[in-house]
Amino acid sequence: MDENMWIIELESALLDDCNVNDIYSICQGKPLPEALRPDVWQVCLDVRNKNDQMSLFNEIYDLPFQSQLREDCQRYVDRIGNDEEDKVSVVSDLESIMTFYCKNRNLQYEPENGWIELLLPLCALKLNRSDTFNLFEAIRDTYIPKGCKPKGNVFHVFRLLLLYHDPELCTVLDTKKITPDLYSLTWFQSLFASCSSLSVIIAMWDLYFQNADPFMVFFLALIILINGREQIMAMKGSSKEEIVKFLVNMPCALEVDDVSDFCSLAQYYALKTPTSFKTDYLKALYGKQNDTPRSQEESNKVSQALCLPVSVYELVENSATEFPVQDAVRFFLVDCRPAEQYNAGHLSTAFHLDCNLMLQEPVAFATAVQGLLTAQKQAIEVNSNAGGEHLCFMGSGRVEEDQYTHMVVASFLQKNTHYVSLLTGGYASIHDYFGDHMADCLEDHSVSKCLVCQQHNVKQSKPTTLKASTPSSTDLFSKFSAAMKSKSAEVKGRLLDIIVNPSSNGSGAGASGASNNGAGQTQAVQERHVSAKERNGKRYRNVAPVFSIDDENEDAYDPAEKDAPQPAGVSKEIVNLNQYFKTADIINAFKCQDVHINGYMYDSHLIITPTHLVVLRELGRGQAQIMVRRPLASIVKITAKKRHRDLITFKYGFPDGDGLLITDMDRFLIPNAAEATALVSKQIVHVLDNAN
C-alpha cells in the first residue's frame, strides 16, 4: 500500500489543478500509470485548460502538398500494425491535425520532417483531436529546437557540447566530415520517436516532460554517442556512409529498462556543463516554430565558435560560490593576455598563461602549460574556489589579439583536453561587468595602463552625446569580490552574508539577515503575513532585502493572499508588447510564467525598470496586460525552491521590529532565474542607495 501512495497523491494533485513542479515532486521519475498519463502530460505541457483550437478548422484539405501529406500519413500508420478500422481513424486524425497546424502557423509540410513520428505516440493516448493537437503544438514549441534542418544552428550547438565532453570523439567525427545533422537530425526532430519503439518513447517522454528542460534532447543525444564510443572509435577505418548509418540507428537499441538510466546520465552531464550553454542559446533555439529566425550573423557566430562559450555572469558567480552539489561545474580561469595587460588588472582567481609565448618561446610555453596543470591539480585538491576541472580561457576581448588566445585554446583541444571553454567578450566583459567598482573586484588594476580604461576614456572625450547606460555595479560587487579574494577563515560566513543580505556591511547581519547577539549566535528573521486591511505599512529606508534558498515549506502561506485586493500601484492596462519594450524604461526583461496559488501558470514577461518590477501577461496577437507594478523598494525577500531553483517567489512588505511583515507575494517560473534575481537584487540596492 505504501509503495502506491504516490499514485493516490498524484490522482489527488490532478484533481486540484496541480502544475509541473507538483508532478515532478510526486512522481520523482517513476513510470506513470497508463490511466493518468494523458492528464499528466497535459499538465506538464501546460495545455490542460487550453481552448479547443481544432474547432476553428474548416475541414478543407486543400494544401499544395496535401496529397503528399495524406500519402505519408497512410504509410506511417501501415507500419504500426493496427486493425483496419483503427488505421482509418488514426490516418484521419494525423491528416486533420497537421493540415490545421500548417494553416494555423503558415507552415509547409515536408516529408521526413518528424511531425508524423511526433504525433503517433500522442495518438496512442486516445485523446480527442483537440487535446492531441494542443499536445503536439506544445511539444513543437517547447521541446523541438528551431532550425532542425541540414547544417542548422542546432547541430553546431550540439557539436560544441560534444567537443566539451569528448573532444577526441568529436575530432574523429570531424576528420570523417560527419557533422551532427547527418546522424541526429531525426533525433532532434522527433525527440527520438523516429528511431525508438513506442514503449521506449512513452517511458522517455514521461521523464522528459516532468523535467521540463528543453535542452534535455542535447544531453540524451550526447549520451547516445558516449555510450557507443568504443564501437565508433573501432570504426575509424570504415567509410563515412557506414559510420553514419551506424550512428543513426544507435537509439534503436534502447529498451524500456534502459530509459531511467539513460535520462539520469543525461541529467548528470547537464550538471557538468556550464549553464551558459542553456542561457546563451535558449532564445535562438526555442520558441514558437513560426517565429522569425535569427539573423545569419547569429548563425555564423555559433557555427564558427571555437569551443563552448561561458558568460561573464556565470564565471564571476562561479568564482565566488560554494559548491554543495557534487560534480557541479567549477572553473579554473586561464588569463591568456600578454603580461603587460595582465599586470594592469586581472581577477585574483586567474592563472596567467601568456599567449605570446606559444609563438615566441615554445619551450617556455610548454613549461607554463605544465605549471598550469599542476596549479589546477593543487587547487582542486585543496578545494579552492579558484580551482576546478573545467578550464575557462580568457582573452582581451580585442579581435586582433584574441587570435593568439584562440591558438592556445586550439592547442588544448588538439590534446583532447576535456571541459574547455572560452569567456565571451574576454577581459573587456569582466571590466564592464564590474563597472565603477572594478577597483574592488580586480587585482592590481591600473587605470593608466589598462587598455579597456584607455578605450573608454577615448570614447568619453569625443564631443558626442552618450546614451544613458544601465546602472553599473553596486556595492554588492565590491562586497562580493572582497569575499572572493579573502583568504581568511571568515570567507564562508562573509560570502553567505553578502548573498543573503547585500546591503549589510561585512561584519553585520548573519545568514538570514539577522543581527548578531552578544554570544555570537545568529537569530533568524521572523516573518509573518498580514491580511489586506493591514497592508498600510511603508518600507523603512536602508533596510536590506533578504535573499535565500528556502525549503519546500516556503510555500506555506495563506491562499487568500492572492485573492486580496491589489495594491494601489497596480495597473490593468492593455499594452502592445513590441511598443512597450521600445518605449518603456526597461533595464531587462525575462520571459517567465506567472504561477498562481491554484496552480495555473500564465505566459508572462518579468520587466525590471530602474524603480519597479512589472509583470506583463501575454494575451496573444502581440498584446499583453500589466498585472502588477511593484516598487523595487517594497521587495523584502526573494526565495527559490531547493528542488526547483527556477521557481522564484518575490515577497513584499516592510520590517516589523526584528522580523518582516509580508504584505503580498508573486511567484514565477523563470528559465533564467539566477540572472533575473541577481539583477533585481542589484537594482534594489541601487534604489536604496539613491534614497539616502
Worked verdict on Thr275 versus Glu317 for side-chain contact (heavy atoms from CB on, under 4.5 Å):
CA-CA 11 Å; Thr275 58; Glu317 184 189 59; over 6 Å; no

At their closest point, which heavy atom of [X] faces which heavy atom of [Y], and how far apart are they?
X      : Y      : answer
Asn578 : Asn576 : N-OD1, 3.2 Å
Leu282 : Pro671 : CD2-CB, 3.8 Å
Pro309 : Thr424 : CB-OG1, 3.4 Å
Leu616 : Ala624 : CB-CB, 4.1 Å
Gly147 : Val154 : O-CG1, 3.4 Å
Ala138 : Val47  : CB-CG1, 3.7 Å

Show your working on side-chain contact (heavy atoms from CB on, under 4.5 Å) between Asp594 and Val628 and close with a plain yes or no.
CA-CA 11 Å; Asp594 187 3; Val628 292; over 6 Å; no

Specify whether [X] and [Y] have parallel, tilted or perpendicular ring planes, treating 30° as the upper limit for parallel and 60° as the lower limit for perpendicular.
X      : Y      : answer
His431 : His445 : tilted
Tyr286 : Phe215 : perpendicular
His346 : Tyr342 : parallel

State, yes or no, whether a side-chain contact exists between [X] and [Y] at a heavy-atom distance under 4.5 Å.
X      : Y      : result
Ile574 : Gln625 : yes
Asp432 : Val452 : yes
Ile430 : Leu423 : yes
Phe219 : Thr273 : yes
Arg630 : Asp664 : yes
Phe331 : Leu315 : yes
Ile626 : Ile607 : no
Met665 : Lys637 : no

For the side chain of [X] and the backbone of [Y], is there at least one donor-acceptor N/O pair under 3.5 Å apart?
X      : Y      : result
Thr142 : Ile139 : no
Thr349 : Leu347 : no
Asn672 : Glu675 : no
Thr663 : Tyr652 : yes
Tyr419 : Lys272 : no
Ser421 : Leu391 : yes

Check the side chains of Thr649 and Arg667 for a donor-acceptor pair under 3.5 angstrom, ignoring hydrogens and angles.
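Short answer, yes.
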
Any side-chain donor paired with an acceptor under 3.5 Å for Gln593 and Asp46?
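Gln593 vs Asp46: donor-acceptor pair found between side chains.
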
Does a side-chain N-to-carboxylate-O contact under 4.0 Å join Glu314 and Lys278?
no

Reported [atom1]-to-[atom2] distance for the pair [X] and [Y], which is rounded to 0.5 angstrom:
X      : Y      : atom1 : atom2 : value
Leu422 : Met394 : CG    : CE    : 10.5 Å
Leu632 : Thr609 : CG    : OG1   : 6.0 Å
Ile670 : Asp646 : CD1   : CG    : 8.0 Å
Ile608 : Gln683 : CD1   : CD    : 8.0 Å
Leu613 : Ile638 : CG    : CD1   : 8.5 Å
Asn318 : Ser311 : CG    : OG    : 10.0 Å

So, for Tyr580 and His605, is the gap between ring centers shorter than 6.0 Å?
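For Tyr580 and His605, the ring centres are not under 6.0 Å apart.
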
Is the distance between the ring centroids of Phe218 and Phe277 under 6.0 Å?
yes

For side-chain contact (heavy atoms from CB on, under 4.5 Å), just list the numbers for Tyr313 and Thr279, CA-CA rounded to whole Å, side-chain angles, deciding distance to a tenth of an Å, and then say yes or no.
CA-CA 11 Å; Tyr313 172 79; Thr279 56; over 6 Å; no

What verdict does the side-chain contact (heavy atoms from CB on, under 4.5 Å) test give for His156 and Asn153, after you've listed the backbone C-alpha separation in whole Å, the side-chain angles of each residue and the deciding distance to 0.1 Å?
CA-CA 5 Å; His156 297 310; Asn153 226 14; 4.0 Å; yes

I want to check a possible cation-pi pair here: Arg337 against Tyr427, using under 6.0 Å from ring centre and within 45° of the ring axis as the test.
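Flagged: Arg337 positioned over aromatic ring of Tyr427.
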
Set of residues satisfying side chain to side chain donor-acceptor pair (under 3.5 Å) with respect to Ser396, sequence neighbours excluded
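For Ser396, the residues satisfying side chain to side chain donor-acceptor pair (under 3.5 Å) (neighbours in sequence not counted) are Glu401, Asp402.
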
Among Ile587, Ile635, Asn588, exactly one meets side-chain contact (heavy atoms from CB on, under 4.5 Å) together with Val680. Which residue is that?
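Checked Ile587, Ile635, Asn588 against Val680; only one passes side-chain contact (heavy atoms from CB on, under 4.5 Å): Ile635.
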
